[in-house]
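Input: a single structure, listed below in structure tokens.
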Amino acid sequence: MLQLNYIRDNKDEVIKRLNLKNFKDAETIINQIIEMDNNRRAAQKQADDCKAEANALNRQTGDLKRAGKVDEAEKIMARTSELKVMERELNEKQKQIEKEVQAILVTVPNTPSFKVPAGKSAEDNEVVLEEGKKPELYAGARPHWELTAQYNIIDFELGVKLTGAGFPVYKGKGARLQRALINFFLDKAIAAGYYEIQPPIVVNEDSGYGTGQLPDKEGQMYYINEDKLYLIPTAEVPVTNIYRDVILKEEELPIKNCGYTPCFRREAGSYGKDVRGLNRLHQFDKVEIVQIVHPSKSYDILEEMLQHSVGLLRDLELPFRILKLCGGDMSFGSALTYDLEVWSAAQQRWLEVSSVSNFETFQTNRLKCRYRDEKGKPQLAHSLNGSALALPRIVAALLENNQTEQGIKLPKALVPYCGFEMIN
RNA sequence: GGAAACGUGUCCGAGUGGUUUAAGGAGCAAGCCUGGAAAGUUUGUAUACGGGAAACCGUAUCGAGAGUUCGAAUCUCUCCGUUUCCGCCA
């Protein structure tokens, strides 16, 4: 959510940036918000004045009553009764306007950075870098959903029996590969200075609201009705909410956290080739990196986080490309997002394995995550997060790209973690 | 699941209708003191919104919401959370 004061102080810039995201009627809506806020302020001023007068009179009433001057007290009490009615009306007016402003404000997306390329859809994303050689596969090469069955390492049908579609069962070397990747990613994050967190994987409503999953994406999360808890769609939710309602010291920044969790997504409305095999799951594993940083540093840190995830792909010897998302393809809350995609050789397509974003103050405004500047004033920090990395599509690419007639050869970096070189 | 207690500022903690404009203590910061420190001492030390060029001022906030009252941290109701004991249990 954008800050009202920021919108007021930087109206023209906000409109210009919103246009980059193809947000319709930006100018009309921003003007409307400011106009409504002016009305709210006027109502507050009047209400505050009423209350101030009433407070002063109430003090007199107490004094008069104690002095036994009941008549005078009664006169004052008549006036305070009047003030009370006025104040109540003004307060209601103010609350009403505030509610309306809030309702509009939550529909306004974050302002994209000026670095964001213009564009409407995924086709307009800018390819920043493409690296690694796409492997030439032998004639009998197969997509990963056939390989997993051939080597009996991931069982989709068994998952359907136990739970439903999109909940695969990892078996034998498939299970060990999962564990290896999680440990590999975590070790790399820790080596890069991140602090490991093992959070709960169910969260309450406040947390869902804090990072912006609620109210927008209510239907995308699994919900435990009995206890009013949500299964997390990403570790970002609990790991970032640690800093909800927290005022940090400036020298504590940057905060660098990482965490492994399973992630749960209902993926309502998905279908087709996108959901085949490991391409899209309801439950998957991911290591997430999260930073809370000083506003002046957030774009440098975004690059640093991107490079961390890129380093993982290089270690895994996977061909990849970096996309800078265009205004139309960015998520609601992001100011600048890079996606990382790996080449899936048997499917002949790019698969998204990571998304690294700077949210600027969009999340921290909701979270009320602040730091004290040199004057001791609380200021909103910037928050960033990125996948480092999500497992399933990495596994898909590893299996497909490294298949040989003898079996699947693992990249060197993973061998110490897996304890084997080949899946055969 | 059963029973009870509790929720006040950065923390501890007092406060049962009107000098509470939230006592007192600790912590923290600055000043004094000191060769330097400790001790001592003085002062300061929340957040949000609004008004103001600023100094500063107003309003709200004692878990949340609603109510009673001229006036609520204090009384009433509802909800939320935490802790303890019992039960069950990896």
Side-chain angles (χ1 to χ4, degrees), chain A residues 1-9 33-106 198 200-210 214 223-230 238 241-253 255 262 361 363-381:
Chain A
M1 193 162 60
L2 293 174
Q3 299 167 82
L4 202 43
N5 283 333
Y6 181 81
I7 293 176
R8 295 183 71 102
D9 295 344
I33 288 173
I34 292 175
E35 175 65 26
M36 289 167 84
D37 189 50
N38 286 339
N39 292 335
R40 200 212 92 234
R41 288 179 182 210
Q44 181 182 341
K45 178 85 179 91
Q46 289 176 51
D48 282 358
D49 289 346
C50 284
K51 193 70 183 147
E53 189 184 340
N55 282 343
L57 292 175
N58 284 333
R59 254 167 257 142
Q60 286 181 35
T61 309
D63 293 339
L64 289 170
K65 282 203 169 179
R66 251 172 281 119
K69 298 176 184 170
V70 181
D71 290 354
E72 284 180 56
E74 300 266 325
K75 260 184 234 164
I76 292 176
M77 279 155 65
R79 173 64 181 158
T80 48
S81 294
E82 245 173 73
L83 285 168
K84 196 177 152 188
V85 173
M86 282 165 65
E87 186 226 329
R88 188 174 286 228
E89 276 170 22
L90 287 162
N91 263 337
E92 257 162 46
K93 184 177 169 193
Q94 188 195 336
K95 268 191 195 164
Q96 181 58 31
I97 300 174
E98 202 172 334
K99 226 169 114 187
E100 287 167 21
V101 170
Q102 205 67 7
I104 298 173
L105 217 47
V106 294
Q198 208 173 99
I201 59 173
V202 291
V203 294
N204 58 29
E205 206 172 328
D206 285 346
S207 294
Y209 184 79
L214 295 175
Y223 181 57
I224 302 164
N225 192 43
E226 214 168 357
D227 298 301
K228 299 197 171 99
L229 296 173
Y230 294 85
N241 269 283
I242 294 171
Y243 305 97
R244 170 155 47 85
D245 296 320
V246 167
I247 301 180
L248 297 154
K249 295 191 185 106
E250 192 166 355
E251 59 266 26
E252 290 178 272
L253 303 176
I255 284 170
T361 59
Q363 274 185 338
T364 52
N365 186 30
R366 286 197 175 194
L367 289 164
K368 298 206 170 52
C369 168
R370 292 164 292 177
Y371 69 95
R372 282 186 200 282
D373 65 16
E374 52 298 342
K375 286 180 196 151
K377 274 265 161 211
Q379 303 284 352
L380 292 176

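Throughout, a chain's letter reflects where its sequence line sits, starting with A, and its residues are numbered from 1.
Partners of A/E74 under the side-chain contact (heavy atoms from CB on, under 4.5 Å) rule, at least two apart in sequence or in another chain, are A/V70. Every salt bridge (Lys or Arg N to Asp or Glu O under 4.0 Å) that A/R79 has, sequence neighbours left out, goes to A/E53, A/E82. The side-chain hydrogen bond (donor to acceptor under 3.5 Å, both in side chains) test applied to A/E92 returns no partner, not counting sequence neighbours. Annotation: side-chain contact (heavy atoms from CB on, under 4.5 Å) contacts of A/M86 (sequence neighbours excluded): A/C50. Remark: A/K249 engages A/E251, A/E252 in a side-chain contact (heavy atoms from CB on, under 4.5 Å) (not counting sequence neighbours). Here A/Y6 pairs with A/Q3, A/N10, A/E13, A/V14, A/R17 under the side-chain contact (heavy atoms from CB on, under 4.5 Å) rule; sequence neighbours left out. In this structure A/D245 satisfies the side-chain hydrogen bond (donor to acceptor under 3.5 Å, both in side chains) test with no other residue, sequence neighbours excluded.
As rounded to the nearest Å, B/A4 and B/C89 have C1' atoms that lie 22 Å from one another. Look at the P atom in both B/C70 and B/A22: the space between them is 24 Å, to the nearest Å. Between the P atoms of B/G63 and B/U16, the separation comes to 15 Å (whole Å). Comparing B/G9 with B/A14, their P atoms sit 13 Å apart, to the nearest whole Å. Nucleotides B/C6 and B/C77 have their P atoms positioned 15 Å apart, rounded to a whole Å. Annotation: B/G87 and B/U76 have their C1' atoms spaced 34 Å apart (nearest Å). With P as the reference atom, B/C79 and B/G2 are 14 Å apart, rounded to whole Å. Spacing between B/A38 and B/C33 at atom C1', rounded to whole Å, works out to 12 Å.
Atom CD of A/E87 is separated from atom C1' of B/A60 by 10 Å (rounded to the nearest Å). Atom pair A/N55:CG and B/G18:P shows a separation of 16 Å (rounding to whole Å applied). Going from atom CD of A/E98 over to atom C1' of B/U59 covers 13 Å, rounded to whole Å.
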With B for base contact, S for sugar-phosphate-only contact and - for none (protein heavy atoms under 4.0 Å), nucleotides 44-54 of chain B reads --SSSBSS---
For nucleotides 70-79 of chain B, 5' to 3', base contacts (B), sugar-phosphate-only contacts (S) and non-contacts (-) with protein non-hydrogen atoms under 4.0 Å give BS--------
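Comparing A/A47 and A/R88 by the nucleotide of RNA chain B whose heavy atom lies nearest to each, the residue mapping closer to the 5' end is A/A47.
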- Task: Show your reasoning for whether side-chain contact (heavy atoms from CB on, under 4.5 Å) applies to A/L4 and A/I33.
- Result: CA-CA 8 Å; A/L4 202 43; A/I33 288 173; 3.5 Å; yes
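Between the side chain of A/N58 and the backbone N or O of A/A54 there is at least one donor-acceptor pair closer than 3.5 Å.
Ionic pairing of A/D71 and A/K75 is not present here: no N-O contact between side-chain nitrogen and carboxylate oxygen is shorter than 4.0 angstrom.
In terms of heavy atoms, A/A47 sits closest to A/E87 at O-CG, 4.0 Å. Nearest heavy-atom pair across A/V106 and A/Y209 is CG1-OH, 4.4 Å. Taking both residues in full, the closest heavy atoms of A/E205 and A/L214 are given as O-CD1, 3.6 Å, listed atom of the first, atom of the second, then distance. Of all the heavy atoms in A/P200 and A/P238, the pair that sits closest is O-CG, 3.7 Å. Of all the heavy atoms in A/R366 and A/G210, the pair that sits closest is CB-O, 3.6 Å.
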List, with names and distances, any nitrogen or oxygen atoms from the protein found under 3.5 Å away from nitrogen or oxygen atoms belonging to nucleotides 19-21 of chain B.
none

Do any N or O atoms of the protein come closer than 3.5 Å to N or O atoms of nucleotides 8-10 of chain B, and which pairs are they?
none

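Other residues, nucleotides and ligands place more than 12 heavy atoms under 6.0 Å from the CD atom of A/E250.
Listed by first residue number, the stems of RNA chain B with at least three Watson-Crick or G-U pairs below 3.5 Å are B:1-7 with B:80-86, B:10-12 with B:24-26, B:27-32 with B:40-45, B:46-51 with B:56-61, B:63-67 with B:75-79.
Looking at A/E100, A/K93, A/Q94, A/E98 one by one, the single match for side chain to side chain donor-acceptor pair (under 3.5 Å) with A/Q96 turns out to be A/E100.
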